[in-house]
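Since the structure comes first, as structure tokens, the remarks are kept for the end.
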Amino acid sequence: MQEEFVFSGFGGQGVMFLGQLLAYAAMDEGLEVTWIPSYGPEMRGGTAHCTVVIADQPIGSPIVRNPKTAVVFNLPSFEKYESLVKPDGLIAINSALIEDKCTRTDINALEVPATSLAEEVGSVRVANIVMLGALLTALPVIPIERVKAALEGHLPKHRRNLLEINFSALARGAEYVNAMG
Amino acid sequence: MPVDKDVGVNDTMAKQMLKGNIAIAEAALRAGLEAYFGYPITPQTELLEHLSKRMVDEGRVFLQAESEVAAINMVYGAASTGARVMTSSSSPGISLMQEGMSYIAGSELPVVIVDVMRGGPGLGNILPAQGDYFQVTRSAGHGDFHPIVLAPASVQEAIDFTVLAFDLAEKYRHMVIIAADGQIGQMMEPAELPEMKPINKVRPDWALTGANGRGKRIITSIYLSGEEMETFNQKIQDRLVEIKLNEQRWAELYTDDCVLLVIGYGTAGRIARSAVEAAREKGLKVGLLRPQTLYPFPDDRISELADYTEGCLVVEMNAGQMVDDVRLAVGGQIPVSFYGRMGGIVPLPDEILEAIEDTYEKLTIHTPK
């Protein structure tokens with residue numbers, strides 16, 4: 001088993017943390033995992049991405065040309081990764097900010113208005129976590145309970161007050177995908 | 001990203017998700033690092049940042065110098081007292097340190113230096129590269145010497161080699177360089193840190209500890225007479241022979257029946273593993289050897305493997321540097337091919353697989369067995 005994820009969006013949308021959270025959950029699940037950021041000379045407002053590889057065997061390359069899954073939060077990321085996802089793979093699209101539709105028929109598209117759902121939950125800043133709840137419901141590689149445990153275990157002390165809203169965000173994302181049927 | 005900062009606090013879990021730079025820093029601290037001197041440069045700055053807090057927490061010395069030149073000379077001074085000391089930098093910063101490194105080598109001081117290599121020459125860029133292979137193995141400074149060079153390919157190896165680096169440095173009274181690259185520095189993986197080791201307060205018999213009640217000791221790299229200099233040069237060379245005998249390290253995969261041997265170190269070696277696995281799935285008899293010490297180079301084992309393989313493919317993130325060492329090791333027994341990417345571009349498994357297939361095809365045509 002090997003799953004590859006690229007998380008991409010504007011700096012500030014929380015894609016790096018999102019990837020780390022998934023990586024923590026995968027580690028706690030007893031799996032092999034690598035997390036690697038794009039760390040070019042980037043700045044707030046620019047596009048940032050990270051790659052997470054999860055496997056049940058030792059991981060060779062922590063970077064991939066064609067990920068099985070791309071999770072995109074803004075239009076430049078969608079334009080970059082739509083063509084790169086492996087056939088039969090998945091592209092998860094923050095449809096609140098990306099109006100374009102996936103035109104490929106050989107991959108699955110999961111449209112989640114993560115930014116809007118995050119506002120419903122109480123803060124636009126948890127759009128990343130909403131998306132993770134949605135992603136792990138559509139693609140259950142790691143139980144969402146593991147992510148909750150990872151949030152509890154790895155959020156620094158001065159951010160513990162945000163646990164509840166993050167839990168709500170995970171639930172909202174999961175609920176949205178379940179409602180899609 | 002506040003998650004990075006949890007390291008060192010969470011001692012209860014066996015494995016932690018660690019970024020390479022932070023893992024090296026924390027491992028050094030736990031191995032009994034007494035003093036760190038450095039200057040920030042991407043992609044290794046988290047190493048310095050982590051120590052700036054942790055060393056102070058532990059009541060040890062952390063000093064951000066005014067430049068790399070100052071930092072390496074502070075390392076020189078502190079190492080003269082027999083303390084465990086370290087500095088870290090990335091390619092252009094290592095260039096600045098080379099004069100000091102040569103003085104340290106000439107003074108036989110057990111110093112650990114971390115080079116998180118980036119694209120070059122010049123200011124280059126901050127992306128992962130292996131363009132400093134010659135610099136760290138051949139020309140870490142003027143004069144006749146080679147440091148011991150360790151090349152980690154994962155966060156766990158970065159930790160293990162940091163601990164090993166101090167042990168080797170002190171065992172041989174010799175400089176050790178950890179040659180990582182931007183990808184090892186920036187990547188996070190689950191890894192296990194060593195237990196915190198108490199600082200060794202017993203100083204070696206050459207250390208400058210104040211000559212109260214004993215004869216004087218001198219740490220110097222100056223030998224004005226040719227005869228004395230040559231005697232000292234020979235001492236270094238004798239030690240290097242011993243190091244070559246004892247310390248060649250490498251990892252192997254599928255070498256039992258391989259027709260083509262792929263050789264790569266650090267990030268390139270790790271990515272080559274994915275390509276080798278893919279080649280095996282296609283039925284190609286391909287093996288992998290990943291040098292863990294770049295100096296001493298594992299040439300005994302490579303020479304041995306050359307006896308029963310048909311060819312080598314060397315993969316590096318440069319224009320071809322280690323490939324020279326492979327050629328020396330195989331001594332013309334088998335053909336040696338090369339695949340490399342430059343500029344901080346990391347080769348992907350599919351490119352390496354293509355290079356493997358190309359090389360493999362030529363081998364089976366030209367050297368049927």
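Below, chains carry the letters A, B, ... as their sequence lines are ordered, and counting in each starts from 1.
Residues B/Val155 and A/Thr34 have side chains not in contact (no heavy-atom distance under 4.5 Å, counting atoms from C-beta outward). In this structure the side chain of A/Gln20 never reaches within 4.5 angstrom of the side chain of B/Met17, judged on heavy atoms. Under the 4.5 Å side-chain criterion, counting only non-hydrogen atoms from C-beta, A/Ile59 is not in contact with B/Glu189. No side-chain heavy atom of A/Glu32 sits under 4.5 Å from any side-chain heavy atom of B/Pro190.
By number of non-hydrogen pairs under 4.5 angstrom with chain B, the leading residue of A/Gly19, A/Ser61, A/Pro58, A/Ala23 is A/Ser61.
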Show, in sequence, the C-alpha distance, side-chain angles and deciding distance for A/Arg65 and B/Asp350, and conclude whether the side-chain contact (heavy atoms from CB on, under 4.5 Å) test is met.
CA-CA 8 Å; A/Arg65 189 185 311 280; B/Asp350 56 348; 2.6 Å; yes
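Within a 6.0 Å sphere centred on CD of A/Glu120, other residues, nucleotides and ligands contribute more than 12 heavy atoms. Counting non-hydrogen atoms of neighbouring residues, nucleotides and ligands closer than 6.0 angstrom, the NZ atom of B/Lys285 reaches no more than 12 such neighbours. For B/Arg280, the CZ atom is densely surrounded, since the number of other residues' heavy atoms within 6.0 Å is greater than 12. Within a 6.0 Å radius of CG in A/Asp88, other residues, nucleotides and ligands contribute 12 heavy atoms or fewer.
How far CD of B/Gln16 is from OH of A/Tyr24: 8.5 Å, rounded to the nearest 0.5 Å. B/Gln186 CD to A/Cys50 SG: the interatomic distance, rounded to the nearest 0.5 Å, is 12.5 Å. Rounding to the nearest 0.5 angstrom, the gap separating the CD1 atom in A/Ile63 from the CD1 atom in B/Ile271 is 4.5 Å.
The contact between A/Val64 and chain B is made entirely by backbone atoms, counting heavy-atom distances below 4.5 Å.
When atom types are taken as modelled, the side chain of B/Arg270 and the backbone of A/Gly60 share a donor-acceptor pair closer than 3.5 angstrom.
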